[in-house]
Protein chains: 2
Amino acid sequence: MAEAAYTIGQVARAAGVNLETVRFYHRRGLLPLPGRPYGAVRRYGEESLARLRFIRRAQRLGFALDEVAALLQLNDGRSCSAARGLAERKLAVVEDRLKDLSALRDQLTSLVRRCRTQRGKVHCPLIDALNEN
Amino acid sequence: MAEAAYTIGQVARAAGVNLETVRFYHRRGLLPLPGRPYGAVRRYGEESLARLRFIRRAQRLGFALDEVAALLQLNDGRSCSAARGLAERKLAVVEDRLKDLSALRDQLTSLVRRCRTQRGKVHCPLIDALNEN
DNA sequence: CTTGACTCCGTACTCAAGTACGTACCTAGA
DNA sequence: TCTAGGTACGTACTTGAGTACGGAGTCAAG
């Protein structure tokens with residue numbers, strides 16, 4: 001089974017990222033530079049595509065590129081507890097952000113509601129709230 | 001009642017922001033440059049302090065500085081419906097972010113749980129999940 | 001009158017995660 | 001063979017919200 005050999009534009013499209021992003025990941029050391037088996041043009045195999053998808057998935061889970069790099073170091077399938085530690089720390093951050101965000105939602109909801117029931121009064125409850133104290 | 005007349009360092013401390021941030025808000029047009037009533041040094045009154053606090057409060061509600069500028073335009077206390085529109089749009093964004101974030105939390109939670117119950121198996125469920133498909 | 005802290009102002013740098021640009025080179029199809 | 005479009009690579013620009021730096025001026029205390 002011959003490996004597919006994508007050019008950079010093809011692998012970028014296949015992974016759903018911008019071509020320049022692929023180059024950027026090379027510079028960041030997240031993706032090794034492939035060789036050029038047929039001439040002057042580099043060819044990307046399935047393992048490059050898999051890695052690009054790994055990176056995007058990890059990003060969707062809220063990992064920054066530095067953290068993705070750490071996860072990639074652990075990609076031997078061992079070091080499960082190190083990976084878990086990373087995920088646990090990330091989870092704690094996510095839960096904090098959730099708490100903040102839902103407090104924010106409650107405040108905004110209440111301000112919008114007050115704005116809507118405000119009739120003919122001179123001041124805007126939202127602006128007033130921002131000016132308060 | 002004489003207005004307090006802060007120097008830039010004092011008003012920054014009073015508002016809990018970095019001195020350079022005050023300058024930055026001047027450059028961004030969010031805070032007017034005060035005069036220099038006693039010599040070469042600019043003096044900030046209570047209205048500057050109030051505005052700095054307004055900005056920070058609006059930021060905590062999730063408004064970007066451009067949006068804060070728009071809110072400040074509306075600070076006449078009228079244009080309540082315009083302010084409400086801003087808040088409603090912001091609320092929608094916040095609710096979207098909340099949905100994403102809680103999906104993220106669920107995924108991370110499940111990965112961490114699987115990592116913890118994994119015993120002696122060769123692969124790490126977290127890494128596997130990132131490599132999947 | 002000197003010292004140390006503060007201010008003024010402009011410019012430049014930071015971070016994260018890319019995106020864009022320029023120039024040269026290569027490659028596939030008509 | 002020509003040409004359109006893709007690639008290689010290095011460098012510079014983008015966004016948002018600041019932070020830092022450098023040199024000159026100023027101010028208050030001792």
Side-chain angles (χ1 to χ4, degrees), chain A residues 4-45 48-49 51-72 90 93 97 100, chain B residues 4-45 48-49 51-72 90 93 97 100:
Chain A
Y6 310 101
T7 64
I8 190 172
Q10 288 164 351
V11 79
R13 268 192 300 283
V17 305
N18 190 303
L19 176 151
E20 299 291 344
T21 302
V22 176
R23 287 199 221 288
F24 172 69
Y25 290 164
H26 288 316
R27 292 199 292 273
R28 286 289 306 255
L30 290 169
L31 183 67
L33 267 173
R36 357 191 164 205
Y38 313 129
V41 173
R42 294 183 186 283
R43 299 294 173 150
Y44 295 76
S48 293
L49 185 51
R51 178 159 287 210
L52 281 172
R53 295 200 166 128
F54 182 105
I55 295 169
R56 299 259 109 180
R57 257 180 242 121
Q59 281 189 299
R60 254 181 274 132
L61 286 179
F63 292 96
L65 290 185
D66 281 357
E67 296 168 324
V68 177
L71 286 171
L72 284 168
K90 187 52 60 183
V93 169
R97 227 185 297 165
D100 288 355
Chain B
Y6 310 101
T7 65
I8 189 171
Q10 288 164 349
V11 80
R13 269 193 300 283
V17 304
N18 191 302
L19 178 150
E20 300 289 346
T21 302
V22 177
R23 288 200 220 287
F24 171 69
Y25 289 165
H26 288 317
R27 294 198 292 271
R28 287 290 305 253
L30 290 169
L31 183 66
L33 268 173
R36 355 189 165 209
Y38 314 129
V41 174
R42 294 183 186 283
R43 298 296 172 147
Y44 294 76
S48 293
L49 184 51
R51 177 159 289 209
L52 282 172
R53 294 198 167 131
F54 182 106
I55 295 169
R56 298 259 112 178
R57 258 179 242 120
Q59 281 189 298
R60 254 180 275 130
L61 286 178
F63 293 96
L65 289 186
D66 280 356
E67 297 168 325
V68 177
L71 286 172
L72 284 167
K90 187 52 59 183
V93 169
R97 225 184 300 165
D100 288 356

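All chains are named by letter (A, B, ...) in the order of the sequence lines, taking the proteins before the strands, and each is independently numbered beginning at 1. Note that the structure is a prediction, hence the values are computed from the model and not measured. The basis for the numbers below is simple: all heavy atoms, side chains too, and nothing from hydrogens, waters or symmetry mates.
Between the C1' atom of dA17(C) and the CZ atom of F63(A) lies a distance of 17 Å, rounded to the nearest Å. One interatomic measurement links the two molecules: CG of L31(B) to P of dG18(D), which rounds to 13 Å at whole-angstrom precision. Across the protein-nucleic acid pair, D66(A) atom CG and dC15(C) atom C1' stand 11 Å apart, rounded to whole Å. Rounded to whole Å, the distance from OH on Y25(B) to C1' on dG16(D) is 11 Å. In this structure, R28(B) places its CZ atom 10 Å from C1' of dG18(D), rounding to the nearest Å. For the pair F24(B) CZ and dT19(D) C1', the computed distance is 10 Å after rounding to whole Å. As rounded to whole Å, 10 Å separates atom P of dA17(D) from atom CG of L30(B). Atom CD1 of I55(A) and atom C1' of dA17(C) are 12 Å apart (whole Å).
Close to dA17(D), at under 4.0 Å from its OP1 or OP2, lies no side-chain N or O of T21(B). At dA16(C), none of the side-chain N or O atoms of Q59(A) fall inside 4.0 Å of OP1 or OP2 (strictly under the cut-off).
Going from atom OH of Y6(A) over to atom CG of L49(A) covers 5.0 Å, rounded to the nearest 0.5 Å. Between the CZ atom in R13(B) and the OG1 atom in T7(B) there is a gap of 6.5 Å [rounded to 0.5 Å].
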Check step by step if side chain to side chain contact (heavy atoms under 4.5 Å, CB included) holds for L72(B) and R51(B). CA-CA 9 Å; L72(B) 284 167; R51(B) 177 159 289 209; 3.8 Å; yes

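Remark: R27(A) pairs with R23(A), F24(A) by the side chain to side chain contact (heavy atoms under 4.5 Å, CB included) rule, at least two apart or across chains. With sequence neighbours excluded, the residues satisfying side chain to side chain donor-acceptor pair (under 3.5 Å) with R56(B) are Y25(B), Q59(B).
Without hydrogens or angle criteria, R43(B) side chain to P34(B) main chain gives no donor-acceptor distance under 3.5 Å.
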Mark up nucleotides 2-15 of chain D, 5' to 3', with B wherever a protein heavy atom is under 4.0 angstrom from a base atom, S wherever such an atom reaches only the sugar-phosphate, and - elsewhere. -----SBB-B----

